[in-house]
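Written out below as structure tokens is the structure these notes cover.
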Amino acid sequence: MPFTLCTWNINSVRLREPIVLKLLEEEAPDVLCLQECKSPVEKIPTEGFAALGYSHIVARGQKGYNGVAILSKTPLEDLGDRDFASLGHARHVAVRLENGVRLENFYIPAGGDVPDREVNEKFGQKLDYITEMRDHWRAEAPEKAIIVGDFNIAPREDDVWSHKQLLKVVSHTPIEVEHLAEMQDAGGWVDITRQDIPEGQLYSWWSYRAKDWSAADKGRRLDHIWATPDISNAAHGSRVLRDARGWEKPSDHAPVFASFDL
DNA sequence: ATGTCTCTTTCGAAGAGA
């Protein structure tokens with residue numbers, strides 16, 4: 001059964017319920033993974049999602065910050081969550097899909113403004129979070145698994161509008177890219193988006209601060225869909241729904257899609 | 001390019017986080 005997956009940092013699921021519904025209606029992915037829900041689980045507006053057929057929801061939340069959710073048309077088995085770097089944040093949840101695939105939804109810490117753990121504790125927490133992800137998969141190699149989410153790192157030169165100008169900007173610094181690469185290697189993860197779209201500039205986030213985000217187009221590819229090699233050849237059809245960045249009251253992130261024939 | 005957006009506390013302005 002082929003299925004389509006979407007990941008989207010929604011920056012408040014309650015404020016943006018209308019555009020989540022728009023996405024579900026117009027694009028109808030089988031599974032939608034959200035990050036930055038900024039809501040306790042019991043306050044997520046699930047009724048509208050269920051009315052569109054997304055009646056299976058597995059989420060982790062906290063008041064005001066972070067929060068991740070997985071919405072599905074078909075049943076999900078809750079496989080629990082992990083608190084990498086012991087931050088006490090709702091940044092991860094894992095499920096089993098009906099086809100046996102393990103799907104994990106991550107919101108990796110943004111890391112603050114200064115890329116130096118000596119003066120910015122948040123940057124150290126980001127690196128530690130990724131190191132613990134690496135060690136987790138070094139201890140047990142994932143199989144038939146997909147990880148998605150806002151990784152808050154744009155790894156490639158063509159994942160940012162200016163490689164040179166972003167080398168010292170958190171999200172594209174060499175130490176972050178190295179940490180991410182080690183974590184990727186530990187799980188054997190295949191970057192599905194770049195498998196499907198190997199060439200050219202590609203972004204999933206544009207700052208709210210730009211006067212005209214689309215004209216300036218100073219984006220970064222922070223949102224990712226990775227899969228283990230045993231299922232990576234089943235993937236196809238990756239895309240970024242750039243239009244959604246221009247919807248009414250948008251998130252600063254655009255949804256990223258991939259399909260799997262499994 | 002210190003700009004924009006959302007959350008919280010506690011009813012409105014300010015700080016934190018992104």
Side-chain angles (χ1 to χ4, degrees), chain A residues 7-23 33-45 59-69 83-92 105-117 119-130 148-155 159-173 175-177 179-180 203-224 242 244-256:
Chain A
T7 181
W8 195 11
N9 178 316
I10 197 60
N11 186 16
S12 173
V13 70
R14 283 178 281 173
L15 195 68
R16 275 180 251 290
E17 181 188 5
I19 60 170
V20 174
L21 294 172
K22 179 179 169 75
L23 180 98
C33 295
L34 299 173
Q35 304 86 35
E36 277 207 274
C37 296
K38 295 186 174 178
S39 174
V41 171
E42 64 273 16
K43 291 189 176 177
I44 295 173
R60 296 295 186 274
Q62 61 186 91
K63 194 159 74 173
Y65 303 101
N66 310 311
V68 288
D83 182 24
F84 292 117
S86 304
L87 301 174
H89 297 168
R91 295 182 176 275
H92 170 252
N105 184 10
F106 284 95
Y107 175 49
I108 293 178
D113 287 332
V114 182
D116 179 352
R117 69 186 307 154
V119 298
N120 169 22
E121 183 186 34
K122 292 185 188 308
F123 193 70
Q125 290 172 348
K126 180 180 196 174
L127 298 180
D128 291 346
Y129 192 98
I130 297 164
V148 307
D150 179 0
F151 294 180
N152 268 310
I153 295 176
D159 290 337
V160 295
W161 65 275
S162 169
H163 170 62
K164 223 171 183 177
Q165 287 180 256
L166 285 168
L167 274 171
K168 292 180 179 175
V169 175
V170 173
S171 71
H172 192 63
T173 64
I175 190 168
E176 289 171 271
V177 173
H179 275 65
L180 191 71
Y203 316 135
S204 65
W205 173 89
W206 295 261
S207 172
Y208 284 127
R209 295 174 189 176
K211 275 187 180 158
D212 184 337
W213 70 272
S214 190
D217 202 22
K218 292 183 175 179
R220 307 176 200 171
R221 190 172 70 101
L222 304 179
D223 302 276
H224 300 274
R242 183 183 169 114
R245 180 60 179 80
W247 288 353
E248 196 171 342
K249 293 206 82 181
S251 168
D252 45 356
H253 294 252
V256 178

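In what follows, chains are A, B, ... by sequence order, proteins preceding strands, each numbered from 1.
Taking atom P in both dA14(B) and dA1(B), the straight-line distance is 27 Å, to the nearest Å. Comparing dG3(B) with dT8(B), their C1' atoms are spaced 22 Å from each other, to the whole Å. The same atom, P, is picked in dT10(B) and in dT6(B); the two are 22 Å apart, to the nearest Å.
If you measure from atom NZ of Lys38(A) to atom P of dT8(B), you get 9 Å, rounded to the nearest angstrom. Nucleotide dT8(B) holds its C1' atom 14 Å from the CG atom of Leu15(A), rounded to whole Å. Straight-line distance from the CH2 atom of Trp205(A) to the P atom of dT4(B): 14 Å, rounded to whole Å. Distance CD (Gln35(A)) to P (dA18(B)): 14 Å, rounded to an integer number of Å. Rounded to whole angstrom, the span from the CG atom of Leu166(A) across to the C1' atom of dA1(B) amounts to 13 Å. Atom pair Trp206(A):CH2 and dC5(B):P shows a separation of 17 Å (rounding to whole Å applied). Distance CG (Asn66(A)) to P (dA16(B)): 17 Å, rounded to an integer number of Å. Taking atom CD1 on Ile44(A) and atom C1' on dC7(B), their separation rounds to 15 Å, with Å as the unit.
Of the two residues near DNA chain B, Ser207(A) and Asp252(A), the one whose nearest nucleotide lies more 5' is Ser207(A). Residue-to-nucleotide proximity on DNA chain B shows that, of Ala216(A) and Gly112(A), the 5′-proximal contact is made by Ala216(A).
Between Gln35(A) and the choices Asp150(A), Asn105(A), Asn66(A), the side chain to side chain donor-acceptor pair (under 3.5 Å) rule is met once, by Asn105(A). A side chain to side chain contact (heavy atoms under 4.5 Å, CB included) with Arg220(A) holds for exactly one of Asn152(A), Ile153(A), Val169(A); it is Val169(A).
Nearest nucleotide to the Tyr65(A) side chain, out of dG17(B), dA18(B), dC5(B): dG17(B). Checked against dT6(B), dT8(B), dA18(B), the side chain of Lys63(A) finds its nearest nucleotide in dT8(B). Comparing atom distances between the Tyr107(A) side chain and each of dC5(B), dA18(B), dT9(B) picks out dA18(B) as nearest. Side-chain atoms of Lys249(A) lie closest to dT6(B) of the nucleotides dA1(B), dT6(B), dA18(B).
One finds a side-chain N or O of Ser12(A) lying less than 4.0 angstrom from the OP1 or OP2 phosphate oxygen of dC7(B). Considering only side-chain N and O atoms, Arg16(A) lies under 4.0 angstrom from the phosphate OP1 or OP2 of dT6(B). Not one side-chain nitrogen or oxygen of Lys218(A) sits closer than 4.0 Å to the OP1 or OP2 atom of dA1(B).
Among the heavy atoms of the strands lying under 4.0 Å from Arg91(A) are primed sugar atoms or P, OP1, OP2 only; no base atom is included. Looking at heavy-atom distances under 4.0 Å, Lys211(A) makes no contact with the nucleic acid at all.
Residue Asp83(A) qualifies as enclosed at atom CG: its count of foreign heavy atoms under 6.0 Å is above 12. For CD of Glu248(A), the number of neighbouring non-hydrogen atoms (other residues, nucleotides, ligands) closer than 6.0 Å is 12 at most.
Below 30°, between 30° and 60°, or above 60°: for Phe106(A) and Phe84(A) the angle between ring planes is below 30°, a parallel geometry.
Taking 4.5 Å as the limit, some side-chain heavy atom of Leu127(A) sits within range of a side-chain heavy atom of Glu176(A).
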